[in-house]
Asker: 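This is the structure, below, for whatever I ask next.
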Amino acid sequence: MGRGAGKAELQKARMRLSLQEHLWAFFQERVAIPSEEQALARRAALDICAELRVFLHAKLPDMPLREMYLSGSLYDDLQVVTADHAQLMVPMILEKNLWSPIPGEDTIMNLPGFWLVRRENLEYFPRGSSYWDRCMVGGYLSPKSILEVFEKLVAGSINWPAIGSVLDYIIRPVVPSETLTLEVQYETDRRLYVDFLPLLVMEDGVSLIAKPHRLAAERHENLWRQSFRVAETAKLRALDQEDAGCRCTCLKVIKAVCKLNPALARLNVSQLTNAILLLSEQEGDWTQEALGDRFMQLLRALVGHLEAGRLPCIFNLKVNLFCELTPQEIDELGYTLYCALSDPESLLRT
Ligand code: GDP
């Protein structure tokens with residue numbers, strides 16, 4: 001090796017070391033949330049969940065629901081920057097013989113990762129045989145209509161100011177909101193957003209959530225979104241456990257980067273998790289010392305996926321996790337990340 005090349009190597013090694021150090025410092029200072037803050041947020045979410053359970057049982061005893069539960073990164077130790085949101089999962093019970101799931105790729109929309117839920121046997125079991133028939137639109141179970149039912153209940157008929165004063169929180173439904181969201185102010189300067197997320201668990205274990213397609217054209221209105229979140233999170237954690245790896249740390253850092261940089265806000269946790277899982281298939285060294293290298297590789301991989309306009313979900317390669325981004329958004333994200341490749345630390349100066 002010539003002297004010049006040796007020097008360049010050394011400089012590269014120094015840059016890598018400093019990125020590694022910066023990433024860990026950023027993690028400590030900006031990404032990780034103090035455990036007391038997490039505990040307070042979880043407490044507030046739990047209080048709201050308990051109130052809603054009581055209210056729904058009393059008000060709608062025959063609505064076929066399983067017990068609601070809280071979920072999300074706040075519960076998986078994957079939340080970053082501030083403990084400010086959680087999902088309240090509302091599992092709905094469907095009669096197996098009356099409703100059947102149809103994968104999006106088998107519909108005219110040809111959209112893997114989304115599903116329709118079709119009402120069956122209407123001739124033998126007429127409208128009204130299933131509680132959820134009231135949310136049927138054009139022969140399909142409409143997530144939009146279900147959200148509207150809950151919205152009327154949660155935003156319209158619960159006396160949140162009264163409950164809030166008992167719990168010593170200020171609670172209000174967020175309007176307008178893409179999903180149904182409650183804002184809970186549990187300290188003067190602390191707010192928690194709780195998303196109401198109706199959920200169907202189908203016979204083969206497929207989870208469908210009532211979260212609308214982002215580019216909601218009218219023809220997309222009946223689509224249910226398949227959720228891979230449980231599998232994605234479990235896989236990431238299992239891989240880290242096998243080799244004491246830094247994949248979860250890497251995910252938290254890139255999540256924080258996306259949360260703190262408005263130009264990257266469109267990248268969501270599912271895309272980021274899958275990009276890391278795909279990288280894990282190629283790359284074996286996820287030791288804590290490799291965080292800097294893996295982070296750079298992740299940025300490069302994301303740029304590559306954005307250039308291709310395609311990021312497959314590892315649990316179903318037909319699903320394109322970028323399918324809800326417009327071409328312009330894809331270009332802008334790609335450009336921002338591409339620029340960051342030559343100065344990755346710029347992403348941490350927020
Ligand atoms: P974070 O919001 O980036 O911290 O990521 P989370 O891991 O908490 O994921 C929450 C996002 O995933 C929300 O936008 C949810 O709507 C969506 N999501 C999809 N499936 C699920 C699921 O099964 N459970 C939860 N909690 N959220 C889900």
Side-chain angles (χ1 to χ4, degrees), residues 52-53 55-69 71 87-158 177-180 195-231 313 315-320 323-324:
L52 274 166
R53 275 184 184 162
F55 174 83
L56 285 180
H57 278 310
K59 180 110 181 164
L60 295 166
D62 56 343
M63 188 189 262
L65 297 179
R66 282 182 225 292
E67 203 75 281
M68 294 186 276
Y69 61 93
S71 136
Q87 283 75 43
L88 181 60
M89 310 305 286
V90 186
M92 299 164 45
I93 301 172
L94 288 187
E95 299 84 350
K96 271 182 241 139
N97 55 333
L98 301 188
W99 301 96
S100 60
I102 315 203
E105 54 266 46
D106 297 348
T107 69
I108 185 169
M109 286 158 283
N110 188 15
L111 208 50
F114 287 84
W115 295 63
L116 287 172
V117 178
R118 189 171 61 203
R119 176 65 154 85
E120 304 290 354
N121 290 324
L122 262 171
E123 58 283 26
Y124 299 113
F125 300 98
R127 208 183 168 108
S129 308
S130 168
Y131 181 94
W132 299 112
D133 281 344
R134 66 197 68 192
C135 299
M136 178 168 51
V137 174
Y140 296 96
L141 185 62
S142 158
K144 188 164 174 255
S145 163
I146 285 171
L147 282 171
E148 281 164 7
V149 166
F150 283 117
E151 188 155 13
K152 274 201 200 100
L153 274 171
V154 174
S157 53
I158 302 188
S177 130
E178 178 190 290
T179 48
L180 177 52
D195 275 343
F196 222 71
L197 207 52
L199 164 84
L200 302 173
V201 180
M202 307 315 289
E203 263 198 316
D204 48 6
V206 170
S207 286
L208 303 178
I209 54 172
K211 188 173 176 191
H213 190 286
R214 211 189 122 224
L215 313 171
E218 211 172 305
R219 68 196 185 115
H220 288 156
E221 269 180 9
N222 278 343
L223 287 175
W224 287 80
R225 177 188 301 266
Q226 183 167 2
S227 168
F228 298 98
R229 188 182 177 284
V230 173
C313 168
F315 296 101
N316 177 356
L317 298 178
K318 282 184 288 185
V319 173
N320 178 12
C323 76
E324 289 168 273

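Every heavy atom of this structure was used, including side-chain atoms; hydrogens, water molecules and symmetry mates were not.
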Asker: Please report the closest heavy-atom contact between P112 and N110, naming both atoms and the distance.
Answerer: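 That closest heavy-atom pairing would be CD-O, 3.5 Å.
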
Asker: Decide yes or no for L122 and L98: does some side-chain heavy atom of the first lie under 4.5 Å from some side-chain heavy atom of the second?
Answerer: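 No, too far: nothing below the 4.5 Å cut-off.
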
Asker: Is there side-chain contact between F150 and M63, with heavy atoms separated by less than 4.5 Å?
Answerer: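 Answer yes - side chains close enough.
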
Asker: Only one of V90, L88, L199 clears side-chain contact (heavy atoms from CB on, under 4.5 Å) with Y69; which?
Answerer: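 In the set V90, L88, L199, the residue that makes a side-chain contact (heavy atoms from CB on, under 4.5 Å) with Y69 is L199.
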
Asker: Do you know the tightest heavy-atom contact between Y131 and D62?
Answerer: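 Where Y131 meets D62 most closely, the heavy atoms are CD1-O, 3.8 Å.
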
Asker: Using every non-hydrogen atom in the two residues, find where C135 and V149 come nearest and quote the distance to one decimal.
Answerer: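 Heavy atoms of C135 and V149 come nearest at SG-CG2, 3.8 Å.
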
Asker: Apply the test side-chain contact (heavy atoms from CB on, under 4.5 Å) to residues V201 and L208: give CA-CA distance (whole Å), side-chain angles for both, the deciding distance (0.1 Å), then the verdict.
Answerer: CA-CA 6 Å; V201 180; L208 303 178; over 6 Å; no

Asker: For side-chain contact (heavy atoms from CB on, under 4.5 Å), just list the numbers for N97 and E120, CA-CA rounded to whole Å, side-chain angles, deciding distance to a tenth of an Å, and then say yes or no.
Answerer: CA-CA 7 Å; N97 55 333; E120 304 290 354; over 6 Å; no

Asker: Anything under 30° is parallel, anything over 60° is perpendicular, the rest tilted; go ahead and classify H213 against F114.
Answerer: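 Tilted.
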
Asker: For a 4.5 angstrom cut-off between non-hydrogen side-chain atoms, does K59 reach S157?
Answerer: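 K59 vs S157: side chains touch.
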
Asker: Taking NZ, NE, NH1 and NH2 as the nitrogens, is one of them in R134 or E148 under 4.0 Å from a carboxylate oxygen of the other?
Answerer: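 Result for this pair is no, no salt bridge flagged.
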
Asker: Please tell me whether Q87 and S71 have a donor and an acceptor in their side chains that are separated by less than 3.5 angstrom.
Answerer: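 No, no side-chain donor-acceptor contact under 3.5 Å.
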
Asker: Do the non-hydrogen side-chain atoms of V117 and Y140 ever get within less than 4.5 Å of each other?
Answerer: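 When only atoms from C-beta onward are counted, Y140 and V117 do not touch, as no gap falls below 4.5 Å.
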
Asker: Could you tell me whether a side-chain N or O of N222 sits under 3.5 Å from a main-chain N or O of V137, the two making a donor and an acceptor?
Answerer: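 Checked: pair present.
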
Asker: Compare every heavy atom of P101 with every heavy atom of W115, then report the nearest pair and how far apart it is.
Answerer: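 Shortest heavy-atom separation between W115 and P101 comes out as CE3-CB, 3.6 Å.
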
Asker: Taking all heavy atoms of R225 and all of R214, pick out the closest pair and write down the distance.
Answerer: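 Heavy-atom minimum between the residues: NH2-N, 4.1 Å.
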
Asker: With a 4.5 Å heavy-atom cut-off, do W99 and S130 have their side chains touching?
Answerer: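 Side-chain contact under 4.5 Å: yes.
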
Asker: With a 4.5 Å limit on heavy-atom distance, are the side chains of L94 and L200 in contact?
Answerer: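 Result yes, sub-4.5 Å side-chain heavy-atom pair found.
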
Asker: Are any side-chain N or O atoms of R66 and backbone N or O atoms of P91, one a donor and one an acceptor, separated by less than 3.5 Å?
Answerer: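 Not at all, since once roles are kept as given, no pair shorter than 3.5 Å links the two residues.
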
Asker: Work out which heavy atom in E221 is nearest to a heavy atom in S142; give both atom names and the distance.
Answerer: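 Smallest interatomic distance, heavy atoms only, reads O-OG, 4.5 Å.
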
